[in-house]
Amino acid sequence: MNESKDFLRKIVEEDLASGKNREIITRFPPEPNGFPHIGHAKSICINFGIANDYQGHCNLRMDDTNPTKEDTQFVEALKDAVEWLGFNWGESVYFTSDYFPKLYEYAVELIKMDKAYVDSLDEEEIREYRGTVTEAGRRSKYANRTVEENLDLFERMKKGEFKDGEHVLRARIDMSADNMQLRDPLLYRIRHADHIRTGDEWCIYPMYDFAHCLSDYLEGISHSLCTLEFENNRDIYNWVLNTLGLTSSRPYQYEFARLGINYTVMSKRKLLELVKGGQVSGWDDPRMPTIAGYKRRGYTPESILTFCDQIGIAKANSMVDVAQLEFCIRDDLNTKVPRVLCVLDPLKVTIENYDGFEEIDAPYYPHDVPKEGSRKLPFSREIYIERDDFMENPPKGYFRLTPNQAVRLRHAYIISCKEVIKDSNGNITEIKAEYYPNSKSGSEDTSGIKVKSAIQWVSATEAKKVEVRLYDRLFVNEAPEGIEDINPDSLQVIKNALIEPAVITEKPDERFQFERQGYFYADPILYTDEKPVFNKIVSLKDSWAKKSETSKPTPKPQAKKVQIDGEVVAMNEAQKVLFDKYLELRLNSEVANTLARDEHLSKFYEEALSILNSPVNLANIVSNEVARELKQMEVSELKFSAKQIAELVKMIDNATISNKIAKQVFEEMVKTGENPTQIVEAKGLVQISDPAKILPILDEIIANNPDNVAKFKAGNTKLLGFFVGQVLKATKGKGNPKVVNELVGKRLQ
RNA sequence: UGGGGUAUGGCCAAGCGGUAAGGCAUCAGUUUUUGGUACUGACAUUCGGGGGUUCGAAUCCCUCUACCCCAUCCA
């Protein structure tokens, strides 16, 4: 289906193909300090999904290195979430705390290597000494303690001889590193606190940067996949493993963008605020973006999985539209759940010409859902319909019941309105109606009456009273900051909705479509037969509601953003001299500019120029191709020389090869450092300019692509490139593109 | 501001020098006893802006701009 793979899977496939890894082991490493949300679901899908795809394994690991924040209720929630989503972590759940003894040993090892030291600055001093993003930091005076002192101090830290914050263990890296994370990062801190698993066994705890890479290593993780904000931490990740010499079959870290959804908050801190502040009923409130919330609301694991699959994996920060998630759950439930009739806001209808009672056999599933099953729908003289489904003065385009418009009762008869009863305030309290006896739904309908819609209804005496909870988005703002953006109407509890009896007595499912309204879920906690409670999972799409909305205020003005160009740094004297000289050599000013501003490039260019007097072509290839290579390495590391470039350009100049071939040759030179002439000879890359040789190839291509020929002739000139490309491909790049171009143009005129 | 990232339709997202995939949303139309579903069609002459290289650039080079991350004893 979808052939394109995400960049992580590409990396994995390359590593497998190159033999770097034999087995793919990933891990999902949450900190048990909150309930997992849909962002975690994305991470779970990535880590478990990739492991599954490549017959590997994914560890579930609780990253429990901070005893003051973690709690066992969260480890349970995490396990629930993974399990509910359908993934299997195998034998056991891992805990970073299981590695505390090993981690301690590694720390001692670093101290012995003099790569770590005990610092005794206080918190504020440490911050101060770290410097800022623009200023280098300076090393603490404690950094020059001897290895013996450090060993002693660290051991005493472990023994509990010091108070919280008195000392920390730090890596000795570089206090002036551009990457702030490398400014002697903390490895261990003292925390006299009870840990959820180790209790009071430890009073020093490893920091994330130290514990994570080593835990990965210890578990034999091959690919450590995390979110973008850890990009800066990758350097320490590598430093720790490299410094400890843990380099064979070690893990590597790759980062992807975390999930953002509009009208939703996704940080654990903010979610915790909602829970603590009582804005929601708990972590599993159906309005919460937590896995527990979605589960409680009635989302299926499949729908979440599909969603994660649809949004893709990339490195660009993005904000996914909630509509995408809603689509996934609708799409899933559409083919799965029974349709039933429920009236949320009942309006009484008395069918004056109907006496008696009957049970109508009604299928649970519509014609387009291939599932079997039906129930009995009681029908009688008094029924209830949705208040919205009657209008005394309807707008045009209204399909439901009006004084002049009949409507079908779904699965039952067609009725028309005879009289509207109102109370003293003018509110409609009842409709007197008539039914058409020969209009019964199905083959029995011989009435010939055409109605515009069918509406839901329930029989007054048989209907069951149910509570229905309607949820709207928790926030009114597309990018909510916090509780100030909360939607005051996100929860609407309807105490007296009426539902057909089969739903309660037969219980054909726990999820239903209430016809014409949406999908609903029997609340797994509150639901009882005496007092049924349903959560709305999601509305059905409603093109009528959209149409009848008061004309939208936003046709959006949106002028195109004017982009202001910044100042370009001026050239210095030497550069200016070069620039002028290059202009005199008739170089394009942009090329001259590129060359003049880069010392290495200009030197390289001058050297090549001294060998071959072809200033323009040399300049072009140096400022483009050579510049690319020089971005990644020093001149001295280049495998090719200026002399070879001159040789290459010479072949372009005398038309032995085309620019296209030159690129191919250049690539080879980059890899092997071979002489261009040799490459051309060895590969037979001399270009073909003879039309007599090209024409037959072109004609064959034309014959094989009649569609594209037609399109081209119809004016789609973009296809010129297609034909040229095809010919070039057929000649393995040797066709002279200029000639080919001309020929295609002529041939297809 | 130093460093590290990222920019492709309203929202995601493929694409890696040769015809701008796909999904969501939107808009039309067909089917429909759910204003649902399904189906059909429309929806980027252009890839953050500007230059350059090339027969040909979203893709290569130069440059500018915008946004995100890093200065927790959090992860």
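Letters A, B, ... are given to chains in the order of the sequence lines, protein chains preceding strands, and every chain is numbered from 1.
Between the side chain of A/Q563 and the base of B/G50 there is no donor-acceptor pair of N/O atoms closer than 3.5 Å. One donor-acceptor pair, N or O on each side, does fall under 3.5 Å between the base of B/G18 and the side chain of A/K660. Contact annotation: side chain of A/K450 to base of B/U33, donor-acceptor pair absent below 3.5 Å.
For A/N624, taking side-chain heavy atoms from C-beta onward, the closest of the listed nucleotides B/A71, B/A75, B/U53 is B/U53. Here the nucleotide nearest the side chain of A/L719, chosen from B/U34, B/U19, B/C73, is B/U19.
Look at A/R234 and you won't find any side-chain N or O under 4.0 angstrom from OP1 or OP2 of B/G4. For the pair A/K631 and B/C62, the criterion of a side-chain N or O lying under 4.0 Å from OP1 or OP2 is met. The side chain of A/S623 contributes no N or O atom lying less than 4.0 Å from OP1 or OP2 of B/U53. In terms of phosphate contacts, A/R330 brings no side-chain nitrogen or oxygen within less than 4.0 Å of OP1 or OP2 of B/G36.
Taking the six-membered ring for Trp and the full ring otherwise, A/F154 and A/Y188 have centroids separated by under 6.0 Å. Between A/F512 and A/F520, the gap from one ring centroid to the other reaches at least 6.0 Å. Ring to ring, A/Y208 and A/F230 are close: their centroids are under 6.0 angstrom apart. Aromatic rings from A/Y582 and A/Y605 are positioned such that their centres are separated by under 6.0 Å.
Within residues 723-733 of chain A, the residues that place at least one heavy atom under 4.0 Å from RNA chain B are, in residue-number order, A/V724, A/G725, A/L728. Within residues 179-191 of chain A, the residues that place at least one heavy atom under 4.0 Å from RNA chain B are, in residue-number order, A/M180, A/Q181, A/L186, A/R189, A/R191.
Every residue meeting the side-chain contact (heavy atoms from CB on, under 4.5 Å) condition with A/L305, not counting sequence neighbours, appears here in chain and number order: A/C45, A/L85, A/F87.
Under the 4.0 Å criterion applied to side-chain N and carboxylate O atoms, A/E625 and A/R628 are assigned as salt-bridge partners.
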Exercise answer: donor-acceptor pairs, residues 732-740 of chain A side-chain atoms, under 3.5 Å, sequence neighbours excluded:
| residue | atom | partner | partner atom | Å |
| --- | --- | --- | --- | --- |
| A/K734 | NZ | A/G684 | O | 3.4 |
| A/N736 | OD1 | A/K738 | N | 3.0 |
| A/N736 | ND2 | A/S689 | OG | 3.0 |

Tell me which donor-acceptor pairs under 3.5 Å the side chains of residues 323-331 of chain A have, and how far apart each pair is, sequence neighbours excluded?
| residue | atom | partner | partner atom | Å |
| --- | --- | --- | --- | --- |
| A/Q324 | NE2 | A/Q310 | OE1 | 3.0 |
| A/R330 | NE | A/S539 | O | 2.7 |
| A/R330 | NH2 | A/S539 | O | 3.4 |

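Pairing of B/U37, defined by two Watson-Crick or G-U wobble distances under 3.5 Å, is not identified with any nucleotide.
With no hydrogens or angles considered, a side-chain donor-acceptor pair links A/R27 and A/S224 at under 3.5 Å.
Between the A/H411 side chain and the A/L341 main chain, no donor and acceptor come within less than 3.5 Å of each other.
Base orientation of B/U72: syn, the glycosidic angle falling within 90° of 0.
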Which pairs, protein N/O on one side and nucleotides 38-42 of chain B N/O on the other, fall under 3.5 Å?
none

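The cationic group of A/R191 does not satisfy the cation-pi geometry with A/Y205, failing either the under 6.0 Å distance to the six-membered ring centre or the 45° limit from the ring axis.
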